[in-house]
Amino acid sequence: MSSKQQLLNPIRQQEPTPSLTLSRRPRRNRQSAAIRALVRETTLHPCDLVNPLFIVDGCDEEQPIASMPDVSRKSIDRTLQEVEDLYSLGIRAVVIFTKISSDLKDNTGSEALRPNNLMQQAIRTLKKEFPEMCIMTDIALDPFTDHGHDGIVDPEGKILNDKTLEALAEMSLRAAEAGIDIVAPSDMMDGRVAYIRHVLDTNGFTDVGILSYTAKYASAMYGPFRDALGSSLSFGDKKTYQMDPANAREALIEAALDEAEGADFLLVKPALHYLDILARIRQITHLPLAAYHVSGEYAMVMAAAEKGWLDADDVLMETTTAIKRAGADLVFTYAAKRLAKLIYTS
Ligand code: PBG
C-alpha cells in the first residue's frame, strides 16, 4: 500500500486488531443461510394468507383491473379455476367481493340483500367445490349503493348507523344461508359486531365467525379497489365512519369493543402505514389478528416494479413478513399466490 493510500484509508491500517474483544457479535447469527433460518423469528406460510377475489356475473369472464396488475374480476366459473390454483399452493382462505352492474345499484344497496344474488351464488358454488377452503365475504353496502357509501344515507347525506346495522345483519344472514364460514364487516358502523352476532345466533348460525375490520382507516389507499368494484363515492368522504389516520388510541377502543361484542378475529387496514396499530392491538387482545395489505399498497409496489425501480417479489416478501412481525397472524393480500410460490422456492 502506498503511503498516500494509507493516508486515505486509515481504518484498513488497523486491521486486524487482535486485542479487540467484543462481548457479543450479533453478526455471528447472520453468517449463513442455515443459521439465519434457525434464528428467524417470523416465518410466512401460505396458510397465513387470505386471497381477495373479485367476482362478476357471466360465464368465462375475465376482466383485468388496470390499477392492480395480475388481479382480475372473474365470473364464478373462472374463479373456481383460480381457487383451485390457490388451494394447490396451500392457501386456505379467500374473501369474496362482487362487482354488480350500475343498474342494480340503488340508494339503499338493496341488491346486497336480494336472495340468491351474485354474492350468495358465489359462496354456494365455492363452498360446494372447495369445502375445505375457508370462505369469507366482505359485509358492507358500498359495492351495492349508487352513492358508494358503506351505509344507509339520509336525504341530508348523513350515514345512518343503526339503520345500516339491520342491512348488514341481513346481508350476513344471507351469506350464512349460502354457507359462508366467516363474515367480515368492513363498514365501521358502531355496534355491528354485536348486532350481526345476535342475528346470526338467533337464526341458528352460531358457527359462522365474524372477522371485524376493527381499525379501518379513512385511507387514500383504497383507490384501485374502488376501480375494481366501481364503488367510488358520488359525494363526500368516509371520514364519519372510517378512522382518522392520526389516531391510535381510538383503535384500541374499537378493538376492545369488537372483542366484547363477540368478534372472532380483529383486522387492521391498511397494513403498512399502521404497523404501530397492529403492534398495539396485539398487546391488548388474545384474539387472532389480521391485517389487510390493501389495493393501493399493492399498486404502489407493482407500479414501481413495472418501471424497474423495485423488485416486486422481494418487496412483497419483506412487506408481508413485516406485517406478521408487527403482530398479524394472517394477512389479506393480492399477492397471495405470488407469495405462496416464493415461499416454496425460497
Ligand atoms: C368496502 C371495502 C373497501 C375495501 C375493503 N372493503 C373499500 C372502502 O372502504 O372504500 C378496500 C380494500 C382495498 O383497497 O384493497 N367497505
Side-chain angles (χ1 to χ4, degrees), residues 49-55 65-73 93-100 105 109 111-112 119 136-153 159 161 164-165 167-168 171-172 175 182-189 192-193 196 210-245 254 265-274 290-303 316 319-320 323 328 330-336:
L49 308 174
V50 182
N51 187 87
L53 297 170
F54 295 114
I55 297 178
I65 302 157
S67 49
M68 301 178 71
D70 299 339
V71 180
S72 303
R73 293 180 285 257
V94 293
V95 58
I96 301 177
F97 301 94
T98 52
K99 178 180 193 285
I100 62 167
K105 297 187 183 187
E111 177 63 17
M119 171 69 78
M136 305 186 195
T137 183
D138 199 76
I139 300 290
L141 294 178
D142 51 317
F144 305 94
T145 52
D146 50 16
H147 43 69
H149 278 288
D150 295 40
I152 307 283
V153 179
I159 317 298
N161 193 87
T164 301
L165 299 190
L168 297 173
M171 198 177 165
S172 303
I182 295 174
V183 291
S186 71
D187 54 288
M188 291 302 281
M189 297 300 128
R192 90 275 211 220
V193 172
I196 292 171
I210 300 179
L211 179 148
S212 175
Y213 286 66
T214 289
K216 175 171 180 178
Y217 284 87
S219 172
M221 292 286 160
Y222 307 143
F225 174 95
R226 293 178 192 167
D227 293 344
L229 293 190
S231 60
S232 296
L233 291 171
S234 68
F235 73 90
D237 55 44
K238 297 193 176 187
K239 291 179 184 169
T240 67
Y241 44 107
Q242 297 182 351
M243 284 179 48
D244 183 341
E254 288 284 3
F265 295 77
L266 306 180
L267 180 139
V268 173
K269 170 182 176 183
L272 223 42
H273 298 69
Y274 300 91
Y292 201 139
H293 186 244
V294 299
S295 58
E297 299 179 270
Y298 175 76
M300 283 163 65
V301 177
M302 299 306 278
L316 290 164
T319 299
T320 316
I323 294 168
L330 52 152
V331 184
F332 287 49
T333 170
Y334 298 100

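Each ligand, and each atom within it, is numbered from 1 in the order the structure gives. Sequential numbering from 1 along the given sequence is applied to the chain's residues.
- The nearest protein atom to atom 11 (C) of ligand 1, hydrogens excluded, is given as Lys269 NZ, 3.0 Å; this is a heavy-atom distance.
- Summary of contacts: the protein heavy atom closest to atom 15 (O) of ligand 1 is Tyr334 OH, 2.6 Å.
- None of Phe225, Tyr298, Tyr217, Phe332 except one satisfies the ring-ring contact (aromatic ring centres under 6.0 Å, His included) rule with Tyr292; the exception is Phe332.
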Open item on the list: Run Asp187 and Leu141 through side chain to side chain contact (heavy atoms under 4.5 Å, CB included) and show every step you take.
Closed with: CA-CA 8 Å; Asp187 54 288; Leu141 294 178; over 6 Å; no
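- In this structure, the protein non-hydrogen atom closest to atom 9 (O) of ligand 1 is Lys216 NZ, 2.6 Å.
- Ranking protein heavy atoms by distance to atom 16 (N) of ligand 1, first place goes to Asp150 OD2, 2.8 Å.
- Side-chain atoms of Thr164 and Arg192 form no donor-acceptor pair, as typed in the model, at a separation below 3.5 Å.
- Ranking protein heavy atoms by distance to atom 8 (C) of ligand 1, first place goes to Lys238 NZ, 3.3 Å.
- Minimum interatomic distance between Ala291 and Ile323 (heavy atoms only, all atoms of both residues): CB-CG2, 3.4 Å.
- Shortest contact from atom 1 (C) of ligand 1 to any protein heavy atom: Asp142 OD2, 2.9 Å.
- Counting the atoms of ligand 1 from 1 in the order shown, those under 4.0 Å from a heavy atom of Tyr292 are 12 (C), 15 (O).
- Counting heavy atoms from C-beta outward, Pro185 and Leu168 have side chains that stay 4.5 Å or more apart.
- In this structure, of Tyr298, Phe225, Tyr217, the residue bringing a heavy atom nearest to atom 3 (C) of ligand 1 is Phe225.
- Of all the heavy atoms of Asp138, the ones lying under 4.0 Å from any atom of ligand 1 belong exclusively to the side chain.
- Contacts between Ala140 and ligand 1, counted as non-hydrogen atom pairs separated by less than 4.0 Å, involve the side chain only.
- The N/O atoms of Arg226, backbone and side chain alike, include one that comes under 3.5 Å of an N/O atom in ligand 1.
- In this structure, the protein non-hydrogen atom closest to atom 14 (O) of ligand 1 is Ser295 OG, 2.7 Å.
- Under a cutoff of 6.0 Å and an axis angle of 45°, Lys216 and Tyr222 form a cation-pi pair.
- Residues Pro143 and Ile100 are not in side-chain contact: their nearest non-hydrogen atoms beyond the backbone lie 4.5 Å or more apart.
- Taking 4.5 Å as the limit, some side-chain heavy atom of Lys238 sits within range of a side-chain heavy atom of Asp150.
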